[in-house]
A.B. asks: 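Please find one structure pasted underneath; my questions will follow.
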Amino acid sequence: MHPAPSVIIFTTFSGFGFGLLFWLGIGMPAPTGWVALVFFAIAYIMSVGGLLASTFHLGHPERAFKAFSQWRSSWLSREGICAVATLLIMAIYGAGLVFFGAQWTVLGWLGALGALLTVFTTSMIYAQLKTVPRWKHWTTPALFLILSIAGGALFSGNIKTAIPLLIIAAALQAFAWFHGDGRFNASGTTMESATGLGHIGKVRAFEPPHTGTNYLMREFIHVVGRKHATQLRIVALVLGFVLPVILLLLGAKHVLGLLAVVSHIAGILALRWLFFAQAEHVVGLYYGKR
Amino acid sequence: MTTLPPPSAKKLGLVIDLDTCVGCHACVISCKGWNTENYGVPLSDQNAYAGAASGTFLNRVHSYEVQPPILKDQPAAPAQLIHFPKSCLHCDDAPCVTVCPTGASYKRVEDGIVLVNEKDCIGCGLCAWACPYGARELDAKEGVMKKCTLCVDRIYNENLPEEDRQPACVRSCPAGARHFGDLGDETSDVSILVAERGGFDLMPEQGTKPTNKYLPPRPKDVEPEYDILAPYLEPIAEDGKGFVSWLDKALSALPGGAK
């Protein structure tokens, strides 16, 4: 799949933003006044910024409001509804903390649940696709959720919780990579099943339908990035998890804490880039590629 | 709503004969022509006359080489070249419809055709991600999703002569490799064709239940066996008659002539 910057930025930062909103919602921490304003501002810049980034790849962003209508069948529609509902609930909860110094606990927990649902619905946009065997697995929603909660713990300063969460997330990510590598072959979709010509013999793409490229090839066949997959996985693990955990163990005072956050963001961006670049769509088989 | 309707009794679709297709791409061009001038926004091209040409097509023809397995003690059978037209299969269980967040994509209740209401399409591309066949292409100029309409504006169009009320790709195929009809009706010509020729689904494991069917290439002729003694047999017409025989003898009689 084409690793479009808009979707990488969207999934990474809205994941952090809603993760931070989750921790703020359950009152860990529950600051008031200016401190609360800063926390909520960071959460909203990341979550809303991420959602806005996702509209950049739309052909008609001005019609985006229509995407709230199909919640009965579409995960993308459900995600839009969850995101807007969560942001509205948390805005009221945040206003209570910032302006009235009041913690409306029920509203906070409702917002925290909404934040988790938003991240889950985002992950299901990818995990539902049978056409991308690497994504269609329980590890996709599990990873999106734990990365969001772990990142949120880091941003919200829940250091003692962040360390074990980061370690679990790293282990789950390593498992997802390892298991995901074999899923395309395990899916049973081959050039023979795609063309139905397997009963004659081995199928080879002889001539493409056109001399140039097309939308399908640009969107679904991305070979370049996979070349350095192993190195990028190591970079993502080190920057995303190993370095932040070491920095947090050294004592998460301001400079070290900031370094841990910056390192984690870089690691997650690399990991998300791989999430798209390494995912292979079955339509590539018609072009003799993956 | 983008939830799928219950399976319709009428299932309009195509049957594509891989034995007959000659790979001329006439269906590709007639499809592009009709669908640029009619239903929905035109199918745009980018850099059509420059280096990196690219464009939106609803029907494309691939070509595959299929190598039969090499059996023990036998010379390898020659590879076969098979031309393979591919467009929307109007699936019964269309994954492209249910993922649509706006309701722009829908499957018609009355005949099973899968269409896009372009006024509602936000161009998110998720339906193209969900389709295993590459049947949907986002138009780079208009920013909306384009797909085969089964020429819905031809097949019911009473302003056209009766023989033209079929998809442009079927009407233009010079080899008769494309057939249009109701695959929900077991007695229709296309259903009989599928039953007799062993029509199959593409990627059945994806669970999309496509309406369109493909007919497999027919088995190739086997080379006839020759009598291995043939080269040792005496020529039958030893003492020929007529002009050619006289010429043969006359030339042989010349100095250095072949006997």
A.B. asks: Against chain A, work out which of Leu138(B), Asp139(B), Val144(B) has the most heavy-atom pairs shorter than 4.5 Å and name it.
C.D. replies: Leu138(B)

A.B. asks: Between Phe84(B) and chain A, which part of the residue has a heavy atom less than 4.5 Å away: side chain, backbone, both or neither?
C.D. replies: side chain

A.B. asks: Within the supplied structure, the quantity of interest is the number of heavy atoms (other residues, nucleotides, ligands) at a distance under 6.0 Å from Lys289(A) NZ; does it exceed 12?
C.D. replies: no

A.B. asks: With no hydrogens and no angle check, just 3.5 Å: does a side-chain donor-acceptor pair link Glu205(B) and Ser193(A)?
C.D. replies: yes

A.B. asks: Under the side-chain contact (heavy atoms from CB on, under 4.5 Å) rule, what do Thr55(A) and Ile122(B) come out as? Steps first, then yes or no, please.
C.D. replies: CA-CA 9 Å; Thr55(A) 63; Ile122(B) 56 172; over 6 Å; no

A.B. asks: Would you say the side chain of Thr189(A) lies within less than 4.5 Å of the side chain of Pro132(B), judging by non-hydrogen atoms?
C.D. replies: no

A.B. asks: Using 0.5 Å steps for rounding, measure from the NZ atom of Lys146(B) to the OH atom of Tyr215(A).
C.D. replies: 14.0 Å

A.B. asks: If you round to the nearest 0.5 Å, how far is CD of Gln70(A) from OG1 of Thr3(B)?
C.D. replies: 7.5 Å

A.B. asks: Tell me, for Leu129(A) versus chain B, whether the close heavy atoms (under 4.5 Å) come from the side chain, the backbone, both or neither.
C.D. replies: side chain

A.B. asks: Is it true that a side-chain atom of Lys202(A) and a backbone atom of Glu65(B) form a donor plus acceptor pair closer than 3.5 Å?
C.D. replies: no

A.B. asks: Under 4.5 Å heavy-atom distance to chain B, tell me which part of Arg218(A) shows up: side chain, backbone, both or neither.
C.D. replies: side chain

A.B. asks: Nearest 0.5 angstrom please: His60(A) NE2 to Glu118(B) CD, how far?
C.D. replies: 9.0 Å

A.B. asks: Can you tell me how far OG1 of Thr98(B) sits from CH2 of Trp75(A), rounded to the nearest 0.5 angstrom?
C.D. replies: 12.0 Å

A.B. asks: Please examine the side chains of Gln128(A) and Pro95(B), heavy atoms only from C-beta on, and report whether any two atoms are closer than 4.5 Å.
C.D. replies: no

A.B. asks: When only pairs under 4.5 Å are counted, which of Gln46(B), Lys86(B), Arg136(B) shares the most heavy-atom pairs with chain A?
C.D. replies: Lys86(B)

A.B. asks: Chain B heavy atoms under 4.5 Å from Ser54(A): which part of the residue, side chain, backbone, both or neither?
C.D. replies: neither

A.B. asks: Let me know if Leu197(A) has heavy atoms under 4.5 Å from chain B in its side chain, its backbone, both or neither.
C.D. replies: both

A.B. asks: Pro101(B) and side chain to side chain contact (heavy atoms under 4.5 Å, CB included): which partner among Ser73(A), Ser77(A), Ser69(A)?
C.D. replies: Ser77(A)

A.B. asks: What closest approach, in Å, do Tyr286(A) and Tyr64(B) show between heavy atoms, and which atom pair accounts for it?
C.D. replies: O-OH, 2.7 Å

A.B. asks: Heavy-atom distance under 4.5 Å to chain B: side chain of Ala205(A), backbone, both or neither?
C.D. replies: both

A.B. asks: Working note: Asn214(A) + Phe57(B), criterion side-chain contact (heavy atoms from CB on, under 4.5 Å); need CA distance, chi angles, decisive distance, verdict.
C.D. replies: CA-CA 9 Å; Asn214(A) 67 21; Phe57(B) 285 82; over 6 Å; no

A.B. asks: By a 4.5 Å heavy-atom criterion (distance strictly below it), what part of Tyr126(A) contacts chain B: side chain, backbone, both, or neither?
C.D. replies: side chain

A.B. asks: Heavy-atom distance under 4.5 Å to chain B: side chain of His210(A), backbone, both or neither?
C.D. replies: side chain

A.B. asks: Select, from Ala64(A), Ser187(A), Gly80(A), Gly201(A), the one with the greatest count of heavy-atom pairs under 4.5 Å involving chain B.
C.D. replies: Gly201(A)

A.B. asks: Donor-acceptor pair, distance only, cut-off 3.5 Å: does the side chain of His281(A) make one with the backbone of Trp129(B)?
C.D. replies: yes

A.B. asks: Taking every heavy-atom pair that is under 4.5 Å apart, which of Gln67(B), Met145(B), Glu142(B), Arg60(B) has the most such pairs with chain A?
C.D. replies: Arg60(B)

A.B. asks: Counting only heavy atoms closer than 4.5 Å, note whether Met191(A) contacts chain B via side chain, backbone, both or neither.
C.D. replies: side chain

A.B. asks: What residue in Pro61(A), Gly212(A), Ala194(A), Gly288(A) has the most heavy-atom pairs under 4.5 Å with chain B?
C.D. replies: Ala194(A)

A.B. asks: Enter the distance from Ile82(B):CD1 to Thr195(A):OG1 here, rounded to the nearest 0.5 Å.
C.D. replies: 8.0 Å

A.B. asks: Using heavy-atom distances under 4.5 Å, tell me whether Lys220(B) contacts chain A through its side chain, its backbone, both, or neither.
C.D. replies: neither

A.B. asks: Sort His83(B) into side chain, backbone, both or neither according to what part of it lies under 4.5 angstrom from a heavy atom of chain A.
C.D. replies: neither

A.B. asks: Does Val66(B) offer a backbone N or O that forms a donor-acceptor pair with the side chain of Arg204(A) under 3.5 Å?
C.D. replies: no

A.B. asks: Would you say the ring centers of His62(B) and Tyr287(A) fall short of 6.0 Å from each other?
C.D. replies: yes

A.B. asks: Please flag which part of Ala128(B) lies under 4.5 Å from any non-hydrogen atom of chain A: side chain, backbone, both or neither.
C.D. replies: both

A.B. asks: Is the number of heavy atoms from other residues, nucleotides or ligands within 6.0 Å of OH (Tyr44(A)) greater than 12?
C.D. replies: yes

A.B. asks: Between chain A and each of Lys119(B), His25(B), Gln80(B), count heavy-atom pairs under 4.5 Å; write down the option with the most.
C.D. replies: Lys119(B)

A.B. asks: Counting C-beta onward and ignoring hydrogens, is there a side-chain heavy-atom pair between Val99(B) and Leu76(A) closer than 4.5 Å?
C.D. replies: no

A.B. asks: How long is the straight-line distance from SG of Cys121(B) back to CZ of Arg63(A), given to the nearest 0.5 Å?
C.D. replies: 7.0 Å

A.B. asks: Chain B heavy atoms under 4.5 Å from Glu62(A): which part of the residue, side chain, backbone, both or neither?
C.D. replies: neither

A.B. asks: Under a 4.5 Å cutoff for heavy-atom pairs, which residue among Val203(A), Val132(A), Ile125(A), Leu285(A) has the most contacts with chain B?
C.D. replies: Val203(A)

